[in-house]
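Note sheet for the following structure.
Numbering starts at 1 and runs along the sequence shown.
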Amino acid sequence: MQISILDDYFDTLRTLKCFGKLAGHDVTVWNDHVQDVETLAERLCDTEALVLIRERTQIRSALLERLPKLKLISQRSVYPHIDIDACTRLGVIVSSGQHADTPSYATAEFTWGLVLAAMRQIPQQMASLKAGNWQIGVGHTLRGKTLGIYGYGRIGAVVAGYGKAFGMEVLVWAREPALAKARADGYATASSKAAFFEQCDVLSLHMRLVDATRGIVTAADLARMKPTALLVNTSRAPLIEPNALVNALRAGRPGMVAVDVYEKEPLRDTSDPLLTMDNVVATPHLGYVSRDEYEIQFTDIFDQITAYAAGTPTNVVNPDSIGKR
C-alpha cells in the first residue's frame with residue numbers, strides 16, 4: 001500500500017521498533033506541518049492509507065474529496081479533526097483505537113512536571129541564572145495544598161495519585177459518574193463547580209474536547225480562583241472560554257498558569273500573551289510526546305493498517321464506509 005504519515009516533526013517514527021510493521025509497504029513521511037488543502041492534496045494524491053499524529057492536521061471534506069485513492073485513515077484516540085461524515089460518504093475507513101484501559105502516562109507525568117515547574121518557578125529561575133543573576137523570588141511547596149482534578153478520567157485519576165503521593169488534598173469535579181468513581185477511589189468531591197474553583201490551589205484540566213466541554217471553563221470560573229492558585233491545562237485549549245485565560249491572568253486570578261495546548265497549533269507567534277507573561281509556563285504540546293508513548297501509540301496505528309491490508313479492518317469508527325471504495 002501507498003502510506004503517508006503527516007507531521008512527524010523530528011522523523012521519529014522510522015526509529016521506532018514498531019515501524020517494522022510497515023515493511024513491504026511504500027511509506028512516505030512528512031516532517032513539516034502543512035494545513036493548506038492544495039499542498040496536502042498534491043502530496044497525498046496517491047495515498048491509500050494516511051497516518052495521523054493525533055490532531056495536528058485537520059482532515060476535512062475539501063481535502064478528502066481530492067484524494068480518490070485514499071481508503072484508510074489510521075490514528076489513535078479521539079478524532080474531532082476528521083470529518084467522519086465525509087469519510088463515510090466517500091468510502092474512507094477511519095480506524096482509531098480508543099485504548100479504554102490505558103491512560104497516557106506520558107501526559108500525566110508531563111502534567112506533574114508542569115505543576116512543579118510553575119509552583120517553584122523553575123523556568124524563570126533558570127532564565128535568571130543564565131542571565132547572570134541569582135534567585136528571583138520564592139516559590140510554593142505542594143504538601144498540604146489542594147489539588148483540583150477537573151475531569152476524573154484515565155489521566156485525571158493518575159494525576160490525582162501523584163498529588164496524593166506529594167501529600168496534597170485531592171478534590172475532584174466532574175460529571176456524576178466520574179464523581180462516583182473518584183469517591184470510590186477515596187477522593188473528596190466538590191460541593192459545586194463554584195466551590196471547586198474557589199478551593200483549589202492547583203487546578204488541572206483533564207477532559208476530552210467535545211461539544212459539551214467546549215468553553216466549559218468560563219471567565220466567571222477563573223475569577224473565583226485564588227490569586228496564589230495555579231491552573232494547568234495539558235488537555236485542550238478550547239476547554240477554556242475564548243480570551244478568558246489571558247484576561248484572568250491580567251486580573252490576577254489565578255496567579256499562575258501552566259499550559260501545553262493552544263487555540264492554534266503550532267503556536268509560532270512570539271508576541272502571544274501566553275509566551276510573554278512572567279506568570280506563565282508554556283510548552284509546545286509535549287504531553288504525549290515521548291519515545292515510549294510513541295511506541296505504544298504507533299504499534300496500535302500500524303496494526304490497524306496491517307489489519308486493513310489483510311482484509312479485516314479494526315477499530316473502525318464509521319462502519320458504513322466499508323465496501324464503498
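Between His33 and Tyr9, the angle of the ring planes goes over 60°, which puts this pair in the perpendicular group of the 30/60° scheme.
Not a single ring pair (Phe, Tyr, Trp, His ring centres under 6.0 Å) links Tyr79 to another residue, sequence neighbours left out. Applying the side chain to side chain donor-acceptor pair (under 3.5 Å) criterion to Ser61, with sequence neighbours excluded, gives Glu65, Arg89.
A cation-pi arrangement is absent between Arg143 and Phe166 under the rule of less than 6.0 angstrom and at most 45 degrees off the ring axis. A cation-pi arrangement, defined by a distance under 6.0 Å to the six-membered ring centre and an angle within 45 degrees of its axis, is absent between Arg175 and Tyr152.
Ring to ring, Phe19 and Phe298 are not that close: their centroids are 6.0 angstrom or more apart.
How far NZ of Lys181 is from CZ of Arg183: 12.5 Å, rounded to the nearest 0.5 Å. Interatomic distance, CD1 of Ile216 versus CZ of Arg236, reported as 15.5 Å (0.5 Å rounding). Between Glu176 atom CD and Leu179 atom CG the span is 5.0 Å, to the nearest 0.5 Å. Expressed to the nearest 0.5 Å, how far CG of Leu22 lies from CD1 of Ile305 amounts to 5.5 Å. Distance CD/Gln124 to CE/Met256: 9.5 Å, rounded to 0.5 Å. With rounding to the nearest 0.5 Å, the separation of CH2 in Trp30 from CG in Asp7 is 11.5 Å.
More than 12 heavy atoms of other residues, nucleotides or ligands shown are found within 6.0 angstrom of NZ on Lys145. For Arg56, the CZ atom is densely surrounded, since the number of other residues' heavy atoms within 6.0 Å is greater than 12. No more than 12 heavy atoms of other residues, nucleotides or ligands shown are found within 6.0 angstrom of CG on Asp211. Asn243 CG: 12 or fewer foreign heavy atoms inside a 6.0 Å radius. Surrounding CG of Asp278 are at most 12 heavy atoms belonging to other residues, nucleotides or ligands under 6.0 Å away.
Within the 3.5 Å criterion, the main-chain N or O of Ile301 finds a donor-acceptor partner in the side chain of Ser74. No donor-acceptor pair under 3.5 Å is formed between the side chain of Gln297 and the backbone N or O of Glu295. The backbone N or O of Ser235 sits less than 3.5 Å from a side-chain atom of Asn233, completing a donor-acceptor pair. Asp83 places a side-chain N or O within 3.5 Å of a backbone atom of Ala86 that can act as its donor or acceptor partner. Side chain of His206 to backbone of Ile155: no donor-acceptor contact under 3.5 angstrom is found. In this structure, the side chain of Arg253 engages the main chain of Met225 through a donor-acceptor pair within 3.5 Å. Looking only at distances, a side-chain donor or acceptor of Gln125 sits under 3.5 Å from a matching main-chain atom of Ile136. A side-chain donor-acceptor contact under 3.5 Å links Arg325 to the backbone of Leu90. Although no hydrogens or angles enter the test, the distance criterion places a donor-acceptor pair under 3.5 Å between the side chain of Asn279 and the main chain of Gly255. Checking side-chain atoms of Asn31 against main-chain N and O of Asp8 turns up a donor-acceptor pair under 3.5 Å.
Here the options are Leu6, Thr28, Thr39, Leu70, the test is side chain to side chain contact (heavy atoms under 4.5 Å, CB included), and the partner is Leu44; only Leu6 passes. Each of Ile240, Val257, Leu274, Val280 was scored for a side chain to side chain contact (heavy atoms under 4.5 Å, CB included) with Val246, with one residue passing: Leu274.
Side-chain contact between Thr283 and Phe110: present, with at least one pair of heavy atoms (C-beta onward) separated by less than 4.5 Å. Within the 4.5 Å cutoff, the side chain of Val217 has no heavy atoms near those of the Glu241 side chain. Two residues are said to be in side-chain contact when any heavy atoms from C-beta on lie closer than 4.5 Å; His99 and Ser77 meet this criterion. Counting only heavy atoms from C-beta outward, the side chains of Glu263 and Pro238 approach each other to under 4.5 Å. With contacts defined as side-chain heavy-atom distances shorter than 4.5 Å, the pair Thr57/His81 does not qualify. Proximity of Glu293 to Ser104: side-chain heavy atoms (C-beta onward) are separated by under 4.5 Å at one or more points. Contact of the Leu171 side chain with the Leu147 side chain is not registered, since no non-hydrogen atoms from C-beta on lie closer than 4.5 Å. In this structure the side chain of Gln75 reaches within 4.5 angstrom of the side chain of Ile82, judged on heavy atoms.
When every heavy atom of Phe196 is checked against every heavy atom of Ala190, the shortest pair comes out as CB-CB, 3.7 Å.
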- Using the side chain to side chain donor-acceptor pair (under 3.5 Å) rule, take His285 and Glu55 through it: C-alpha gap first, then chi angles, then the decisive distance, then the call. CA-CA 11 Å; His285 206 153; Glu55 300 162 35; over 6 Å; no
- Message: Using side chain to side chain contact (heavy atoms under 4.5 Å, CB included), reason through Val115 and Tyr162 one step at a time and then give a plain yes or no.
- Response: CA-CA 11 Å; Val115 170; Tyr162 296 163; over 6 Å; no
- CA sep, side-chain torsions, deciding dist, call: Leu64, Ile59, side chain to side chain contact (heavy atoms under 4.5 Å, CB included): CA-CA 7 Å; Leu64 290 163; Ile59 307 297; 3.6 Å; yes
- Message: Working note: Ser321 + Val94, criterion side chain to side chain contact (heavy atoms under 4.5 Å, CB included); need CA distance, chi angles, decisive distance, verdict.
- Response: CA-CA 8 Å; Ser321 65; Val94 179; over 6 Å; no
- Message: Set out, in order, the CA-CA distance, both residues' side-chain angles and the distance that settles side chain to side chain contact (heavy atoms under 4.5 Å, CB included) for Phe302 and Val27, then state yes or no.
- Response: CA-CA 12 Å; Phe302 296 156; Val27 183; over 6 Å; no
- Message: Show, in sequence, the C-alpha distance, side-chain angles and deciding distance for Asp260 and Thr234, and conclude whether the side chain to side chain donor-acceptor pair (under 3.5 Å) test is met.
- Response: CA-CA 5 Å; Asp260 188 44; Thr234 57; over 6 Å; no
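Asp46 and Gln2 are not linked by any side-chain donor-acceptor pair at a separation below 3.5 angstrom, with hydrogens and angles left out of the test. Ser95 and Asn315 share no side-chain donor-acceptor pair at under 3.5 Å. A side-chain donor from one of Arg291 and Thr15 sits under 3.5 Å from a side-chain acceptor of the other.
With salt bridges taken as basic N to acidic carboxylate O contacts below 4.0 Å, none links Glu198 and Lys226. A salt bridge does not link Glu42 with Arg66: none of the charged nitrogens is closer than 4.0 Å to a carboxylate oxygen. Salt bridge absent: Lys69 and Glu48 never bring a charged side-chain N and a carboxylate O closer than 4.0 Å. Between Arg60 and Asp85 no salt bridge is recorded (no basic side-chain N to carboxylate O distance below 4.0 Å).
Cluster membership for Tyr105 and Val261, using ILVMFWY side-chain heavy atoms within less than 4.5 angstrom, is not shared. Linking Ile, Leu, Val, Met, Phe, Trp and Tyr whenever their side-chain heavy atoms come within less than 4.5 Å leaves Ile84 and Ile322 in two separate clusters. No continuous path of hydrophobic side-chain contacts links Leu52 to Val289 [ILVMFWY only; heavy atoms under 4.5 Å]. Leu72 and Val317 are assigned to two separate hydrophobic clusters, defined by single-linkage of ILVMFWY side chains at heavy-atom distances under 4.5 Å. Residues Leu40 and Ile53 fall into different hydrophobic clusters, defined by Ile, Leu, Val, Met, Phe, Trp and Tyr side chains chained together at heavy-atom separations under 4.5 Å.
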